[in-house]
Amino acid sequence: MSDFAAMRRNMIDGQLFPNRVTDRPVLAAFEKVPRERFVPDQARARAYLDEHLHLGGERYLLAPLVFARMVQEARIRFDDVVLDVGTATGYSAAVLGHLASAVIALESDESLAVQAEEALTELGADNAAVVQGPLSGGWPPGGPYDIVLIQGAVPEPPEELIAQLGPEGRLLAVESQPGAPGRVVLVEATNGNPVKRDLFDASVPPLAAFARPATFRF
């Protein structure tokens, strides 16, 4: 077993499973994807630590535990189509591709999108397609989606992305308000009326694309 394979196994046994990530297909997906392939070379030794990894600029790869718990709560089925918003270097899309029928990996940064496409191609992730565009607009041509997963904190679940959910679709995001702890929320499209509920606390870096405009104060 290589050092990275051992790290990956330790991530599952020491981080995910003891912290309520117990779904076998989810754990198997995390074991299959080499997380070190999706981070800068200087960060590879830290790829499996329980921390958000800086990818440059304002972008991060979410910590394994937060992302794994979101994936588990999404209840992804083998025939689902997933929109992965802010895929960055593509790690999240690679994991999701082992659970879903198809993944649309949306990225706004051209350099990150190129890295994601190269990594996913190298790993043979044929059911994950990288598309480039503004994160806040989602990707309507690929919808409606069974799952929308946002890779960073947002002030509230974006209505434009909720509108791209199909019947019984589910959106997972970390909702973060100034001065309050972040919360992972689930929005379900139930009978055409989205219903939101809180799931668990989580602190993750924000996605600037969803930041509210600053307001002027006297």
Side-chain angles (χ1 to χ4, degrees), residues 1-56 58-78 80 82 84-100 103 105 112 115-116 119-120 122-125 127-128 147 149-154 170 172-176 180-186 197-207:
M1 181 181 290
S2 70
D3 289 345
F4 285 121
M7 290 179 187
R8 193 153 57 248
R9 187 69 246 174
N10 289 337
M11 173 190 73
I12 292 168
D13 294 341
Q15 294 178 42
L16 306 190
F17 191 79
N19 287 286
R20 303 181 186 177
V21 182
T22 57
D23 184 88
R24 290 186 182 276
V26 171
L27 292 173
F30 275 81
E31 187 165 15
K32 290 173 183 173
V33 179
R35 186 174 165 92
E36 73 276 4
R37 175 61 183 82
F38 296 88
V39 302
D41 289 344
Q42 65 272 21
R44 295 185 82 191
R46 304 192 341 264
Y48 294 96
L49 298 180
D50 186 25
E51 63 180 42
H52 309 304
L53 289 177
H54 190 215
L55 299 174
E58 298 180 344
R59 301 299 294 280
Y60 289 81
L61 192 65
L62 295 189
L65 179 57
V66 172
F67 177 51
R69 290 195 65 187
M70 290 175 71
V71 172
Q72 181 169 264
E73 293 287 354
R75 310 188 308 278
I76 300 170
R77 299 180 292 255
F78 71 92
D80 280 345
V82 179
D84 184 35
V85 179
T87 196
T89 54
Y91 173 72
S92 50
V95 172
L96 294 166
H98 284 288
L99 298 166
V103 180
L112 291 176
Q115 293 177 58
L120 293 168
E122 179 183 310
L123 295 176
N127 65 338
I147 307 290
L149 223 156
I150 304 176
Q151 302 296 329
V154 297
R170 301 173 295 285
L172 276 292
V174 178
E175 186 177 75
S176 181
R183 295 281 294 169
V184 172
V185 298
L186 169 67
R197 59 187 175 93
D198 292 350
L199 298 179
F200 58 90
D201 292 338
S203 176
V204 307
L207 278 175

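Since this is a predicted model, take the numbers as computed values, not measurements.
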Audit row: D3, E36, side-chain contact (heavy atoms from CB on, under 4.5 Å) steps and yes/no: CA-CA 11 Å; D3 289 345; E36 73 276 4; over 6 Å; no
Working for side-chain contact (heavy atoms from CB on, under 4.5 Å), residues L149 and V85: CA-CA 6 Å; L149 223 156; V85 179; over 6 Å; no
Note, I150 side chain near L172 side chain (heavy atom, < 4.5 Å): no
E73 side, atom CD; R20 side, atom CZ - distance, nearest 0.5 Å: 10.0 Å
pair Q15-V21: side-chain heavy atoms closer than 4.5 Å: no
Side-chain donor or acceptor of Q72 paired with backbone N/O of D23 under 3.5 Å: yes
Closest heavy-atom pair and its distance - D50, A63: OD1-CB, 3.7 Å
Heavy-atom closest contact (L112 atom, T89 atom, distance): CD2-CG2, 3.9 Å
Check: R37 and F4 side chains under 4.5 Å, non-hydrogen atoms: no
Side chain H98, main chain P25, donor-acceptor under 3.5 Å: no
Donor-acceptor contact below 3.5 Å, side chain E175 vs main chain D198: no
Over all atoms of both residues, closest heavy-atom pair of A74 and I147: O-CD1, 3.4 Å
E31/R8 salt bridge by N-O under 4.0 Å criterion: no
Euclidean distance, Y91 OH relative to L96 CG, rounded to 0.5 Å: 10.0 Å
Minimum heavy-atom distance between A88 and L55, given as atom pair plus value: CB-CD1, 3.6 Å
V174/M70 under side-chain contact (heavy atoms from CB on, under 4.5 Å): CA gap, chis, key distance, verdict: CA-CA 9 Å; V174 178; M70 290 175 71; 4.1 Å; yes
Verdict with supporting geometry, R59 and L207, side-chain contact (heavy atoms from CB on, under 4.5 Å): CA-CA 7 Å; R59 301 299 294 280; L207 278 175; 3.7 Å; yes
Approximate separation, where rounding is to 0.5 Å, of R44 CZ and L53 CG: 12.5 Å
Shortest non-hydrogen contact between A29 and V95, atoms and distance: CB-O, 3.8 Å
Exam field: side chain Y48 to backbone R35, donor-acceptor pair closer than 3.5 Å: yes
Exceeds 12 heavy-atom contacts within 6.0 angstrom, atom CZ of F200: yes
Q151 side chain reached by T87 side chain, heavy atoms, under 4.5 Å: no
L123 vs P34 side-chain heavy atoms within contact, under 4.5 Å: yes
4.5 Å side-chain heavy-atom contact, R75 and L186: yes
Check: G97 main-chain N/O paired with N127 side-chain donor or acceptor under 3.5 Å: yes
Nearest non-hydrogen partners of N19 and R69, listed with the distance: O-CD, 3.8 Å
Side-chain heavy-atom pair I76, V71 within 4.5 angstrom cut-off: yes
Value rounded to 0.5 Å, distance of CG in D201 from CZ in R183: 4.5 Å
Polar side-chain atom of H54 near backbone of Y60 as donor-acceptor pair, under 3.5 Å: no
